K.L.:
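Before anything else, here's the structure in question.
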Amino acid sequence: MIYSPLESVVYRLKEAVERVIRERYGLEESVRIEEEKKYGDFSFKCFSLAKAIGERPDKMAEAVKLGLEREHLPFVESIDAVGGYVNFKLNIPELAKMTFEAISKLRDKYGFNPAPSVERIIVEHTSANPIHPLHVGHLRNCCLGDSLARLLELRGHDVSRHFYVDDVGLQVAYAAYGYSKLGMPEPSMKPDHFIGYVYACTYNIVETISIRRRLEELKREQEFEEYKSLVSRLDEVLGVLSRLKKKSPETFDKLLDRISSEVDPEKEIAKINRLYEKKDPSVVDIVRKTVLTCLKGIKETLERLGVFFDSWDWESEVVWSSLVQEVIGRLRTTEFVAYKQGALILKAEEAARALNLKELLSIPIKYEIPDMVLIRSDGSTLYTTRDIAYTILKFKNAEKVVNVIGVEQKLAQIHLKIALSILGFMKEVKNLVHYAYEQVKLSRVRMSSRRGVIVTIDDLIEEAKSRALLEIEQRARVLSYDEKLSIAEAIGIGALKYSMLSVSPTKPIVFDWKRVLDFTQNSGPFLQYAYVRAYNILAKSSEGESILGCKVDTRLFASKEERDLLKHLSKFPAVVAKAADDLRPDYITEYVNDLAKMFNLFYDNYPVLSAEETLRKARLKLVASTALVLRNVLTILGIKPITRM
RNA sequence: GGGCCCGUAGCUCAGUCAGGAAAGAGCGCUGGCCUGCGGAGCCAGAGGCCCCGGGUUCGAAUCCCGGCGGGCCCGCCA
């Protein structure tokens, strides 16, 4: 079974070139056949090899051309030697036959392209703090993680999607404290939005109380400089509070009232955090209920996005299993751990130098790695410390772990790897990928979950949907309102996903609705529209998708547009392989955007249904193949293919 | 201050891993076409010191060194 037509052709070409070089020059060389658009389909450059053996590049190109011509390669139409280049034009009818065969056999699996060796891979993604709704940043994380998982599956890997429920830590304690003060009521809005609201209110109310207390002290001590700056900080927090109050006055007042009557809320919160780590029954219920409530809302959003997980890993379970204590115990026996002002720290720089980790982890030699705090002076652990144990657990069921985490956590991930190295998990460190992506910037909005200012995924979906609906209305198709709504949802969500995936992960995304929902180019709707066009030609034909099973005369594809389209279709599994191996979903978006453009060009210039019968069949099969590939790609990207819009 | 990432057409970006032939696309702009298998079109054109300066090389947008500009990180937060 040939999964990847173009790849197999190029591979045969590569072998042929190597054979010729071996026969002509007696050299065992591995050569590279590169894609070329201007002078043919592929090319081989002779320069470096020619230089190595003291031959003239143009002479070598000529020799390779002659040698290849004697081989009579059926999938090559012509070979040219120009300067030091050997240029190849592919025999498109032959390639088309192979491609059609692969497509008709594999159908929805066309694109599947198993790697030479398959692995069990855990993709951990989204993993938002379970105390507020998902926001734009999580959207990028979620889309990347989900499409990476799908890509790796297409490479034949055994992929498991994990969501790390970070239910341990100070922030969760704040939310749980506030929620419990309210008497843990049924949320009056979407549950994650409600918990997020409670968290923001609680955080700022507590902050106000501590600032006021500190101000009293400063007044007594006559520290006017600090007093002044703290007053302006207080103003800021009060501003946040008044804004929060407007959103849900009853909940707010109740919370304010009950927290203000406490002696020392901050201490209470730290206590919840400490006790929860010890699985103390007095706090387990309130923390769990808080987190589960929020998670319910988060799951609703994920479901709407069509994203699922195989495993929900609770951080508390890792802590309670005593693995965290074990890890700390083992680290403590090494020379790299010390106490500093009551906290247990890991001397990361020293460890990295002693174990020679800098090169392995690509850390600059002159960069001084800061210490890592393992245990707070009050005895509680920190996120990264707990992550050491969690990572060890993940590797019990996988050879490779991909963590989709923002680039801002780079240092924490380096700390994690250093700690694992000290513990002897070298193989794991090498197979632990911090898949770092840049931030999503919304013009003007500066988000902060503490201040309760976040643009949630739910908000974005709603806005995308209503904008899409507006576009649909303008076209005035004969569709019922319900149909329009569900199409708008598919377009809106598809547009959001595409916008998150189409930018390479190292670049920040500047979110811009005009671009997200640009129906004419490089967007989700643009792809969906191409699919609609292809689908409707098929729907109008008598054969429909069954044309994929029919033999057609591939020699009829004479135009540049048809040739380009066929070549592009044959390339798809190769793109999947590259995208999966390099973890780059944006390679797929680039591919499919080109595919849609090529199809549009074909569509506008070559009639299908009204063509002469043998030609009609050939073109119809090309349309069906394009539709199928579009559908498969959209699925990888998590975008819903629709048949009307 | 130190580290990382980014800098290519008016705009949004490919191309940089693995150096190669006149630097690619779309949008926008200019001019033309078209009553179409869904016009959310089609064809043509203009538009580039590939951030700057050195170096390596027969050859640099691509590799190396030094700058400049923007973002992020350097928490007993996650």
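The shown structure was predicted, so the numbers you read here are calculated from the model rather than taken from an experiment. Numbers restart at 1 for each chain; the letters A, B, ... are given by sequence-line order, proteins then strands.
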K.L.:
To the nearest angstrom, how far is A:Tyr606 atom OH from B:rG41 atom P?
P.N.:
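In whole Å, B:rG41 P lies 19 Å from A:Tyr606 OH.
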K.L.:
Output yes when at least one side-chain N/O atom of A:Lys366 is less than 4.0 Å from OP1 or OP2 of B:rG3, else no.
P.N.:
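Yes, such a contact exists.
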K.L.:
I want to confirm an ordering. Mapping A:Glu368 and A:Pro525 to their closest nucleotides on RNA chain B, which one lands closer to the 5' end?
P.N.:
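Result: A:Glu368.
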K.L.:
When you look at A:Phe88 and A:Phe42, which way does the ring-ring contact (aromatic ring centres under 6.0 Å, His included) test go after all the steps?
P.N.:
CA-CA 5 Å; A:Phe88 309 96; A:Phe42 286 89; 8.0 Å; no
K.L.:
Is A:Lys441 close enough to B:rG70 that one of its side-chain N or O atoms is under 4.0 Å from OP1 or OP2 there?
P.N.:
no
K.L.:
Taking the side chain of A:Glu408 as heavy atoms from C-beta outward, which of B:rC76, B:rC72, B:rG41 is closest to it?
P.N.:
B:rC72
K.L.:
Does A:Tyr591 have its ring centroid less than 6.0 Å away from the ring centroid of A:His568?
P.N.:
yes
K.L.:
Using the side-chain heavy atoms of A:Leu411, tell me which of these nucleotides is nearest: B:rC74, B:rC4, B:rC76.
P.N.:
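Ranking B:rC74, B:rC4, B:rC76 by closest atom to the A:Leu411 side chain puts B:rC74 first.
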K.L.:
Counting only side-chain heavy atoms from C-beta out, which of B:rC76, B:rG20, B:rA14 sits nearest to A:Ser504?
P.N.:
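Per side-chain heavy atoms of A:Ser504, the pick is B:rA14.
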K.L.:
If you check every side-chain atom of A:Leu601, which of B:rC76, B:rC13, B:rC43 has the closest atom?
P.N.:
B:rC43
K.L.:
Assign a letter to each nucleotide of nucleotides 21-33 of chain B from its 5' end: B, base within under 4.0 Å of a protein heavy atom; S, sugar-phosphate only; -, no contact.
P.N.:
BB-SSBS------
K.L.:
Parallel, tilted or perpendicular: which describes the rings of A:Tyr85 and A:Phe47, with under 30° parallel and over 60° perpendicular?
P.N.:
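It falls in the perpendicular class, over 60°.
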K.L.:
Write down the distance separating the P atoms in B:rG10 and B:rG48, rounded off to the nearest Å.
P.N.:
7 Å
K.L.:
Look at the side-chain N and O atoms of A:Lys37 and state whether any lies under 4.0 Å from the OP1 or OP2 oxygen of B:rG15.
P.N.:
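Checking A:Lys37 against B:rG15: no side-chain N or O falls below 4.0 Å of OP1 or OP2.
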K.L.:
Please determine, for B:rC4, whether a Watson-Crick or G-U wobble partner exists with both distances under 3.5 Å, and give it or none.
P.N.:
B:rG71
K.L.:
With P as the reference atom in both, quote the distance from B:rC50 to B:rA61 in angstrom, rounded to an integer.
P.N.:
8 Å
K.L.:
Which one, B:rC43, B:rG3, B:rU57, comes nearest to the side chain of A:Asn605?
P.N.:
B:rC43
K.L.:
Out of curiosity, A:Cys294 SG to A:Asp192 CG, how far, rounded to the nearest 0.5 Å?
P.N.:
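Those atoms lie 5.5 Å apart.
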K.L.:
May I ask you to verify if any side-chain N or O of A:Ser541 is less than 4.0 angstrom from the OP1 or OP2 atom of B:rC37?
P.N.:
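The answer is no; no side-chain N or O of A:Ser541 sits under 4.0 Å from OP1 or OP2.
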K.L.:
Let me know the distance between CG of A:Leu374 and C1' of B:rC76, rounded to the nearest Å.
P.N.:
11 Å
K.L.:
Which listed nucleotide (B:rC37, B:rC74, B:rA14) is nearest to the side chain of A:Lys507?
P.N.:
B:rA14
K.L.:
Without decimals, in angstroms, what is the distance between A:Tyr367 OH and B:rG2 P?
P.N.:
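Distance, rounded to whole Å: 13 Å.
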K.L.:
Given the P atoms of B:rG53 and B:rU8, what is the spacing between them in whole Å?
P.N.:
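Rounded to whole Å, the distance is 16 Å.
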K.L.:
Indicate the ring-plane relationship of A:Tyr531 and A:Tyr535, choosing parallel, tilted or perpendicular according to the 30° and 60° boundaries.
P.N.:
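A:Tyr531 vs A:Tyr535 ring planes: tilted.
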K.L.:
Taking the side chain of A:Asp582 as heavy atoms from C-beta outward, which of B:rC17, B:rC74, B:rC5 is closest to it?
P.N.:
B:rC17
K.L.:
Please work out which of the three classes, parallel, tilted or perpendicular, describes the rings of A:Tyr164 and A:Tyr383, given edges at 30° and 60°.
P.N.:
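Geometry flag for A:Tyr164 against A:Tyr383: tilted rings.
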K.L.:
Could you state the CG-P distance from A:Asp371 to B:rC74, rounded to the nearest angstrom?
P.N.:
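A:Asp371 atom CG is separated from B:rC74 atom P by 14 Å.
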K.L.:
Could you tell me how far apart A:Tyr199 (OH) and B:rC77 (P) are, to the nearest whole angstrom?
P.N.:
12 Å
K.L.:
Find out whether the Lys NZ or Arg CZ of A:Arg140 is both under 6.0 angstrom from the six-membered ring centre of A:Tyr437 and within 45° of the ring's axis.
P.N.:
no
K.L.:
Whole-Å distance between B:rA14 C1' and A:Lys571 NZ?
P.N.:
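So the two atoms are 11 Å apart, to the nearest Å.
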K.L.:
Can you tell me how far apart CG (A:Asp564) and NZ (A:Lys597) are? Round to the nearest 0.5 Å.
P.N.:
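Here the interatomic distance stands at 12.0 Å.
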K.L.:
Quick check on B:rC37: is either OP1 or OP2 less than 4.0 Å from any side-chain nitrogen or oxygen of A:Arg616?
P.N.:
no
K.L.:
Taking atom CD of A:Glu612 as the centre, does the number of heavy atoms from other residues, nucleotides or ligands within less than 6.0 Å exceed 12?
P.N.:
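Correct, the count exceeds 12.
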K.L.:
When the distance from CG of A:Asn600 to C1' of B:rG36 is rounded to whole Å, what number comes out?
P.N.:
14 Å
K.L.:
Which nucleotide sits closest to the side chain of A:Phe47: B:rC37, B:rU57, B:rG20?
P.N.:
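Comparing B:rC37, B:rU57, B:rG20 against the side chain of A:Phe47, the answer is B:rG20.
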K.L.:
Separation of A:Tyr174 atom OH from B:rC77 atom C1', in whole Å?
P.N.:
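To the nearest whole Å, that distance equals 11 Å.
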